[in-house]
Structure formats: structure tokens, C-alpha cells
Amino acid sequence: MTKAEKTAISPTREQDFPEWYQQVIRAAELAEPSDVRGCMVIRPWGFGIWENMQRQLDAMFRATGHRNAYFPLFIPLSYFAKEAEHVEGFAKECAIVTHSRLEVDAEGKMKPSSPLTEPLVVRPTSETIIGASYAKWVQSYRDLPILLNQWCNVVRWEMRPRLFLRTTEFLWQEGHTVHETEAEAREETQRMLGVYETFARDHCAIPAFAGEKSESEKFPGAVQTMTIEAMVQDRKAIQAGTSHFLGQNFARASGIQFQNREGKQEFGWTTSWGMTTRMVGTVVMAHADDDGVVLPPRIAPTQIVILPITPKEETRGQVLEACDKLAAQLRANKYANLPLEVEIDRRQFGGGVRNWEWIKKGVPIRVELGPRDLEKNSVELSRRDQPVKGKQSTVTGEFVSRAPEILGSIQQNLYQRALKFRDANTRTIDNKEEFYDFFTPKNPAKPEIHGGFALAHWNGSREIEDKIKNDLKVTIRCIPVSDSEPGRCIFTGQASKKRVVWAKAY
RNA sequence: CGGGCUGUGGCUCAGCUUGGUAGAGCGCCUCGUUCGGGACGAGGAGGCCGUGGGUUCAAAUCCCACCAGCCCGACCA
């Protein structure tokens, strides 16, 4: 660049949010579109974030009694077809394997051959194939509960892919459990919802509304779907994790039956719950600014980057040595019970190019260490949650001992900022006109960032949901778990048990 | 999957109307001066113009088909 730009990312969030999002992902080298339609390449920095999420969530699953296992990628069509509502929900987005060989034809082109007797569906989710195993494993109430999770990829043939938010293939975890009683299964559903809410809040610094999906938004085949809904910076909602109470629907379809304490045959009560790589996109949209990604320290692949400043050849050795020493001291420290993730960037670039790369990547703390600092025994410290030009001279020893505390403060600050943003854009609405006004952009041709979450009463009917979706593209994101007083539906005047969360959504 | 727009070095795009053998800026490489907030100079590499067919002496440019991407709908974690 010949001229310094005002912001590292253009357009800005205000100018064009969807385009800004794409540019941030690219500038930070999180991921890029691949040659395969709808599929993305997750680059090391993006995958590092996912690996941290994975490791931390996995520990939470273990702590709640779950173990990991792995089930096949391919699901026989007949398995998949066992649960009618389930099939209907996924039918339109399945990839199906129909052949087992490639042959070269007369023109030299590759063609599939050897048709399979039974086509295989590439898993869009694994209820049915896991159910088949569970049916074999469960005979007595003594075999229950089964509490398993798998980390894997799934395929849903989506029509409009967006990096991380909606891709044809994505990575996730899916937990699948079987219980002896309805109460236990319902309890499990709530427990895992709680895990997701905690994870989003404490690890990703994202406040979320936890609640129940309406009938029209729930998982195909579920009795009840619970969700956590986060707000991102264009004030839209995004589903960041789900937990389903499946009743006996899938147990009946898969034949998961056991002899209960009374000696009678009974179907198991199952749950399933998942969180996906979409969370990486959610973190970007929730925290990133016009200079790039801003990462919560707990999920940052690198928490502190050390930038050696080596203007003169004669001091370079000394500076690098000091950087190594600093890195070693920092790594001996812990934040959130894990050693600090520290990296030294030794590349010799002119100007601030190197610095800006790390700003765009969102590393929480940048530390410059040069000859002048060496003399003063200090470092220049920059926090990504503060304006990018800010720099603070700190005595090295003090920085080393305070680093975990600073990371904690950044983590907290990001959460508080996100919470404040969400609360500022969440409105309690008690009449239809205000509701319509809230969700109508001033410039329909190129809608500005508008709306947010509306907490409003609703009569519980599908008709109203459909009408609002049709009129405003607004849907019920969830029926919150938290209490609220009864009232009157703002669209019909009919009785309403509690306020529900309305928003435009990803 | 329906409607609209777009495919030209890594990125953003000009050239296409009026066919004549490919350009700019940024990025990249080399050398030098620089380096504590997106540096400067000089030199250099890199494109069968999305794919396939057609028209023509000649196609990035005209015609047809297909593929991909973006936006708007429907669908979704």
C-alpha cells in the first residue's frame, strides 16, 4: 500500500457487513473458499481456533460423564428413512453415494460404475446410524445411560454457502445419549444446553439467550429443541449451539429397547446436541472490528506475539536473545489453567507490516521488544481490545507476572462489550407498530444495520410466525428459559405465557 | 432450486459496444537505502482472458451450451 488506510479492513462493518465479514476472514487467514462448491479450506489460524474450542468443549463433555466414539460417515438409505419427520427435514440437502468405482470410457473420461445395491447417504447428522448401534448395545435398564459424543464432519447440501456460517461440509461434535426415563433425558438436554451457554460466555466471550425453539424451528424428529442464540454486530441472531430432547421417536425408529425395572420392554429416551465450526464465524462477527479479527484469549491459537525490533545488525542478536528469554518466562505462566501460548515473529519486514498482520489476525497481546527497551528493561505492550495505535511501556518483569491477568482482563472486556451491545440492541416491545418499525430498514434497497432482538408476547400460533417471517424476515429465535410475566400477544391480543425473542437470523 | 448480475496474473479491476494476438494498481522475487505504527528507488517473474463448442483469414471481444461466484428469494448449524 502506498497510502496508509484508515482501517485495515474495507469495507467497514457500517458500509457493508457481509462483505466486511468475508474480508476479515481472508485478511486474518482463517479460511478461504475452495474449488469444491460450497466447501472451504480452513487455514492454520482458523483451525487453531477450532482446535481450542474443541479441546475445551471436550473437557466439559468429559466432566459431565461423556466419552468419545466414532460412527460411520455413510448411512444406508434404509436407516435414514426410518424416522419420517427426520427424513423430510433433511431430504433436500443430502449427498448420496451411488457408485463404488470409476471407469475410463472410450473418450478417456472418468465415469462412475458399479452401482451400489443400496445407496449411502453422507451423514447430515448421525441419529439413525448411532441409533442402530445403540439398539444392539441396550438390553436392560442396567445398560443405561449411554453417554457418547463424536467429533466429525457432516455434509448438508446447502444452496447458499458462507464461510464458517454455512458450508456444504462442516465440522462439529454431536452428542448422542440414551436414558432410562423421560426425566433423565430432559435433564440431559438442559445440562448440555447449559454447557454450551457456559462455553459461549466463558470461552468465546459471547452472551447468549438460552431457550426453546418454536414448533416450526425445531430439529426434524425432535420433541423439543433447545438453543443458544447470540447477537452479532449487525444485530442479527445466530444459533450457536443446540440440544434436542428426542423423546422416544428415534428409539422407536431404531429399535432401542430395554427391559425396565418392572421387567417390561420399553423404548429408550434419547437426546442429541451439537456445536459446529459456525462458532468460529460467530466469534468473528461478534468481536472483530474494522481492523480485523479480535480473539478472546481463551480460544486464541497464540495469545501473545513477541515482535523483535531489530533496526541495527549489531543489536539484533541481543534483542532476539531477550525475546527468547521473555517467551520462556511467559510460557512458564498459566492462564485458565493452561500454559500461555506465545510466539516470536522473527521475520524482518519494513515498517509496521508485521505488526498489522497480527492486528488483523486478532492476537490478544502484541509485545514489541527492541534495543531501547533492552536498555530500559521494558517492553512495549499493545492490547487488541484497545485502539490499535495504543502502546504502553511496561517493565519486563512486571509484564511477565501480569500477563495472565491482562489476558483475563481482555477476555472480560470482550464479554462485557458484547453484553452491552446485545442489551443496547434488545428491546421490549408491546405493540405491533413498534415491532414493524423496529425491523424495517430505512433504506430497503440497501438495508442499513437495524433491528436487534425484540422481546414480545406471542399467542403461540404458527400462523403468526409465518406472517411475521413473510412480512419482515423476522423469526422467533427462542422461547427463553428465564422467567417473564404473562401478557397479551402484540399481533392478536390473545393471551401469552411469556415473551419470546424475535430477530432476523443467519 | 427460481430471478438478476459477474467470470481477464495472487487480489481489485480496465480492455469487449466498433474482432487484429493483453494492460494498470496492489501483492510477489532480486539488489540497495530503510526499519520503534501499513517505507522508497531500480530491475524482474507471473495470464492459452471460467470450460467446451460455433462464426471468422483472425475471438478476451460476436453466438450457443455448460460450470463457478455474488446479490435477492425458498432451505438450513
Side-chain angles (χ1 to χ4, degrees), chain A residues 1-10 16 18-19 22-23 26-27 32-38 88-94 124-125 154-162 164-174 196 213 216-220 225 227-230 237-244 272-282 291-292 307-313 315-316 319 347-360 366-374 376 378-380 382 387-391 393 444-447 469-470 473 475 505-506:
Chain A
M1 300 270 160
T2 42
K3 290 175 190 170
E5 291 175 6
K6 278 182 195 158
T7 57
I9 306 297
S10 71
D16 186 344
E19 183 60 25
Q22 310 256 60
Q23 295 301 332
R26 184 162 51 164
E32 62 190 26
S34 76
D35 291 343
V36 186
R37 195 195 139 86
E88 205 185 318
F90 285 103
K92 279 180 273 181
E93 50 188 53
C94 285
T125 179
V154 286
V155 166
R156 296 182 188 175
W157 213 261
E158 298 292 351
M159 292 302 138
R160 265 181 77 184
R162 301 190 68 191
F164 287 112
L165 303 182
R166 194 190 301 106
T167 48
T168 299
E169 179 189 17
F170 59 94
L171 306 182
W172 77 347
Q173 58 67 216
E174 47 180 327
Y196 291 143
K213 282 293 189 190
S216 63
E217 296 266 334
K218 77 175 170 57
F219 176 74
T225 290
T227 176
I228 58 167
E229 298 282 329
I238 185 162
Q239 182 170 331
T242 51
S243 183
H244 314 290
S272 68
W273 27 274
M275 180 175 280
T276 80
T277 36
R278 171 182 263 196
M279 196 64 183
V280 178
T282 304
D291 290 314
L307 304 170
I309 307 294
T310 55
K312 292 169 192 158
E313 199 50 48
T315 51
R316 183 169 160 79
V319 169
R347 294 174 303 167
Q348 288 181 277
F349 286 157
V353 173
R354 191 179 51 172
N355 196 25
W356 276 101
E357 268 190 32
W358 290 105
I359 292 170
K360 287 185 280 193
R366 306 187 303 284
V367 176
E368 291 180 11
L369 203 168
R372 296 211 294 265
D373 304 299
L374 227 47
K376 293 188 296 181
S378 66
V379 295
E380 293 287 340
S382 304
V388 291
K389 284 179 186 169
K391 207 153 77 166
S393 183
K446 190 177 178 292
K469 186 172 178 180
N470 196 40
K473 294 173 206 160
T475 50
Y506 277 96

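On a predicted model such as this, the values are computed, not experimentally measured, just so you know. The chains referred to below are lettered A, B, ... by the order of the sequence lines, with proteins before strands, and numbering in each begins at 1. Both backbone and side-chain heavy atoms feed into the values below; hydrogens, waters and symmetry mates do not.
Within the shown strands, rG20(B) is the pairing partner of rC57(B) under the Watson-Crick or G-U definition, both distances less than 3.5 Å. The pairing partner recorded for rC66(B) is rG50(B), the criterion being a Watson-Crick or G-U wobble arrangement whose two distances lie under 3.5 angstrom. Within the shown strands, rC11(B) is the pairing partner of rG25(B) under the Watson-Crick or G-U definition, both distances less than 3.5 Å. When Watson-Crick and G-U wobble pairs are counted only if both distances are under 3.5 Å, rC1(B) pairs with rG73(B). Across the strands present, rU30(B) finds its partner in rA42(B); the criterion is a Watson-Crick or G-U wobble pair with both atom distances under 3.5 angstrom. The partner of rG37(B) cannot be assigned: no Watson-Crick or G-U wobble pair with both contacts below 3.5 Å exists in any strand.
Here the C1' atom of nucleotide rG36(B) and the NZ atom of K376(A) are 10 Å apart, to the nearest Å. Distance N470(A) CG to rA74(B) P: 8 Å, rounded to the nearest Å. Between the CZ atom of R278(A) and the P atom of rC75(B) there is a distance of 15 Å, rounded to whole Å. For E217(A) and rA74(B), the CD to P distance is 12 Å, given to the nearest whole Å. In this entry the distance linking CZ of R354(A) with C1' of rC35(B) reads 9 Å, nearest Å. Counting to the nearest Å, the P atom of rA77(B) and the CG atom of L171(A) are 17 Å from each other. Separating the CZ atom of R156(A) from the P atom of rC76(B) is a distance of 11 Å, rounded to the nearest angstrom. In this structure, K312(A) places its NZ atom 11 Å from C1' of rG36(B), rounding to the nearest Å.
For rC48(B) and rG3(B), the C1' atoms lie 35 Å apart once the distance is rounded to whole Å. Taking atom P on both rG41(B) and rU8(B), the two are 29 Å apart, rounded to the nearest angstrom. Here, rG54(B) and rC11(B) have their C1' atoms 34 Å apart, quoted to the whole Å. Rounded to whole Å, the separation between the P atoms of rC70(B) and rG27(B) comes to 26 Å. With P as the reference atom, rC5(B) and rA42(B) are 44 Å apart, rounded to whole Å. Taking atom C1' on both nucleotides, rA58(B) is separated from rA68(B) by 29 Å, rounded to a whole Å.
Heavy-atom contacts from other residues, nucleotides or ligands closer than 6.0 Å to CD of E19(A) number more than 12.
With hydrogens and angles ignored, the 3.5 Å screen pairs a side-chain donor or acceptor of S382(A) with a backbone N or O of G390(A).
Two residues, P311(A) and Q23(A), neighbour RNA chain B, and the one matched to the more 5' nucleotide by heavy-atom proximity is Q23(A). Along RNA chain B, the nucleotide nearest to E368(A) and the one nearest to V353(A) differ in position, and the one closer to the 5' end is contacted by E368(A).
For E368(A) and K391(A), the salt-bridge test passes: some basic side-chain N is under 4.0 Å from an acidic carboxylate O. Taking 4.0 Å as the cut-off between side-chain N and carboxylate O, R366(A) and E357(A) do not count as a salt-bridged pair.
Within the structure, a side-chain polar atom (N or O) of K469(A) is placed less than 4.0 Å from OP1 or OP2 of rC75(B).
Here P18(A) pairs with D16(A), R162(A) under the side-chain contact (heavy atoms from CB on, under 4.5 Å) rule; sequence neighbours left out.
In this structure, a donor-acceptor pair under 3.5 Å is absent between the side chains of H244(A) and S272(A).
Counting atom types as modelled, D373(A) pairs a side-chain N or O with a base atom of rG36(B) as donor and acceptor under 3.5 Å. Checked by distance alone, R166(A) brings a side-chain donor or acceptor within 3.5 Å of a matching partner on the base of rC76(B).
Nearest nucleotide to the side chain of R26(A), out of rC11(B), rC75(B), rG37(B): rC11(B).
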